2 protein chains.
Amino acid sequence: MAWQTFPMANSPTGESVISRVVRLMAAFDRQVPSMSLSELSQRAGLPMTTAHRLVEEMLKHGLMERDADGQLRVGVRLWELAARGSQALSLREIALPYMEDVQAAVHQYTTLAVLDHGSVLYLERLSAPDSAAKRALDAAHIAQRAPLHATSSGLVLLAYSPTWLQQEVLAAPLEKVTEETITDPPTIRRHLAEIRQRGYAALPGIAVKGWTGIAVPVFSSGNTIAAALNATVPSGETNVPFTVPALLTAAHGISRALGAGAPSGPRRR
Amino acid sequence: MAWQTFPMANSPTGESVISRVVRLMAAFDRQVPSMSLSELSQRAGLPMTTAHRLVEEMLKHGLMERDADGQLRVGVRLWELAARGSQALSLREIALPYMEDVQAAVHQYTTLAVLDHGSVLYLERLSAPDSAAKRALDAAHIAQRAPLHATSSGLVLLAYSPTWLQQEVLAAPLEKVTEETITDPPTIRRHLAEIRQRGYAALPGIAVKGWTGIAVPVFSSGNTIAAALNATVPSGETNVPFTVPALLTAAHGISRALGAGAPSGPRRR
DNA sequence: CCCGCTTTTCCGATGATCGGAAAGCCGATA
DNA sequence: TATCGGCTTTCCGATCATCGGAAAAGCGGG
């Protein structure tokens, strides 16, 4: 999780090129997808000259691009490289049709997320047709992260993770995202047990006030947890019992497609 | 397009770290998503020691990962960085609901592609329920590239591109992907004109024998071409006239969502 | 025309990078 | 158990890419 933040400024020397490049790329996000060189150098904490040289090189390889205004953006080539190799993305590709099935049955936000480096990482999201939800649930964007303890997906992922990981997560300070966010480790443990027993999580308001996250586990070969499939519905309505079977069905389909069920998955490659 | 191939082997010195890193990442693809260090060093054309050092550093930043067997893969963190910033990906996100609409109407492979560095790059693909197509059309995978002249999407992208780009593409040698692939520049020019006039492309067998690609343009603000929306149907059937309006409707919706229509798009950011 | 801003070029010093050599490690084979 | 072969990791001296300050070159806007 070390690279999650921009900890130190530029060390005058003693830092690898790779970490500088990562800092440059991490300077971009959904809010600020393009910027000038000087802004980039500031946000990345690199001297102008260094930023200039590295950016120039990255442009040459398509890792960055200039848009019409000459502003810098992350290049498609980078996405191409990342998407071609990543297993998470092939998971997404397999899951997508099943997600559409869910979407067709329950007309709500549907997301697919994995556990990576101690947080929830959203791989895919299908949006509800109605736009009220659109505003409220803007948190769960694709390629966005969220804390494990404050999302239904996170709790499901945690519930089926090895004990050492659970302990590690619960030992760290837990942020209160909303009023309802559960931050008490023993209570969370109880919830995790309940999730494992029931096979799904349904928790009102822990991530977004007024909305209930419902999530179920997706397993891969070896029956290890691979992802969480989630739908988010307005709290208070009685659609939780309606949504859960839809998610379970889809999740089961995805798990089967991933080769779950076999006692220990076949070695890939 | 220089980075498209692995041209030269390792130059004993005089090559930037960035280009080495790109070579390492480019060594992975859909067929070989994970490999050992020694295999990686070979495929990337780097000395073992150098590969070892760089990989170690990349692992630290999450750009690569080790799977259960200790094999190396591309890390999700890389995808996260790429997806957060890339404009192409936000285009994908906007287009997805419309693609689902198309998918619901015509039950065929539906893809979204952009023109990048002289080739077609597929951003998204929704697969047809039937699995016959699945095998035949495995070419148009997500994050995969295809030549501009040998796909319906490519020809649409080319038709609405500036003339200098068309000339550049047509000047290069054009590969014959199938029997039907058109490789004669004047003929292609005629097709491009026809595409512009009709507003869509429908060409049988140029990419995959027995299948007809149908593609329409998607415009962004400033009415410049942003992407191509495509559906692929079995040749010979009479479903082309059925598919075209569905694609046009969806493409129009996406274009509107992207801010097309205004004479010159508002400056972003 | 001038001013403030961003971008680009220049260049000397320096330490990260390079990669050969060799040691470790591990599983397979005898 | 001993030997072998392949893969991985450590070590280390030479060197060259990298670093970043300084200054020049663009680029609007007033």
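A, B, ... follow the sequence lines: proteins, then strands. Residue 1 opens every chain. Atom set for the values below is all heavy atoms of this structure, side chains included, hydrogens, waters and symmetry mates excluded. Quantities reported herein were computed from a predicted structural model and do not represent experimental measurements.
Protein atom CG of B/Leu54 is 15 Å distant from nucleotide atom P of D/dT8, rounded to whole Å. In this structure, CZ of B/Arg23 is placed 11 Å from P of C/dC18, rounded to the nearest angstrom. Rounded to an integer number of Å, the gap from A/Glu56 CD to D/dG20 P is 17 Å. One interatomic measurement links the two molecules: CG of B/Leu24 to P of C/dT17, which rounds to 14 Å at whole-angstrom precision. Residue B/Leu46 contributes atom CG, which lies 15 Å from atom C1' of C/dG20 at whole-angstrom precision. Computed from coordinates, the A/Glu39 CD to C/dC5 C1' distance equals 14 Å when rounded to whole Å. Regarding B/Leu37, its CG atom lies at a distance of 14 Å from the P atom of C/dG19, rounded to whole Å. Distance, B/Asp69 CG to D/dC7 C1': 15 Å, rounded to whole Å.
Relative to the side chain of A/Arg66, the nucleotides D/dC19, D/dG20, C/dT8 differ in distance, and C/dT8 lies closest.
Between B/Asn230 and B/Thr151 the shortest side-chain heavy-atom distance does not fall below 4.5 Å. Using a 4.5 Å heavy-atom cutoff, the side chains of B/Val114 and B/Gln87 are not in contact. Residues B/Leu59 and B/Leu72 have side chains in contact (heavy-atom distance under 4.5 Å, counting atoms from C-beta outward). Residues A/Leu115 and A/Leu165 are in side-chain contact: their nearest non-hydrogen atoms beyond the backbone lie under 4.5 Å apart.
Helix bend of the helix from C/dC1-D/dG30 to C/dA30-D/dT1: the angle between its two end axes, each built from five pairs, comes to 40° after rounding to 10°.
Across all strands, A/Thr49 comes closer than 4.0 Å to base atoms (heavy-atom distances).
Distances shown here put every side-chain N or O of A/His52 at or beyond 4.0 Å from the OP1 or OP2 atom of C/dT7. Regarding contacts with the backbone of C/dT7, a side-chain N or O of A/Ser38 is found under 4.0 angstrom from either OP1 or OP2. Residue B/Arg53 has no polar side-chain atom (N or O) positioned under 4.0 Å from OP1 or OP2 of D/dC11.
Rounding to the nearest 0.5 Å gives a distance of 12.5 Å between CG of A/Leu89 and CZ of A/Arg84.
In terms of position along DNA chain C, the nucleotide closest to A/Met48 lies nearer the 5' end than the nucleotide closest to the other residue of the pair A/Met48 and A/Ile18.
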Worksheet item: What's the verdict on salt bridge (charged side-chain N to carboxylate O under 4.0 Å, His left out) for B/Arg53 and B/Glu56, showing C-alpha distance, side-chain angles and the deciding distance?
Response: CA-CA 5 Å; B/Arg53 181 169 29 82; B/Glu56 208 63 34; over 6 Å; no

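A/Arg145 places a side-chain N or O within donor-acceptor distance of the main-chain N or O of A/Asp116, the cut-off being under 3.5 Å.
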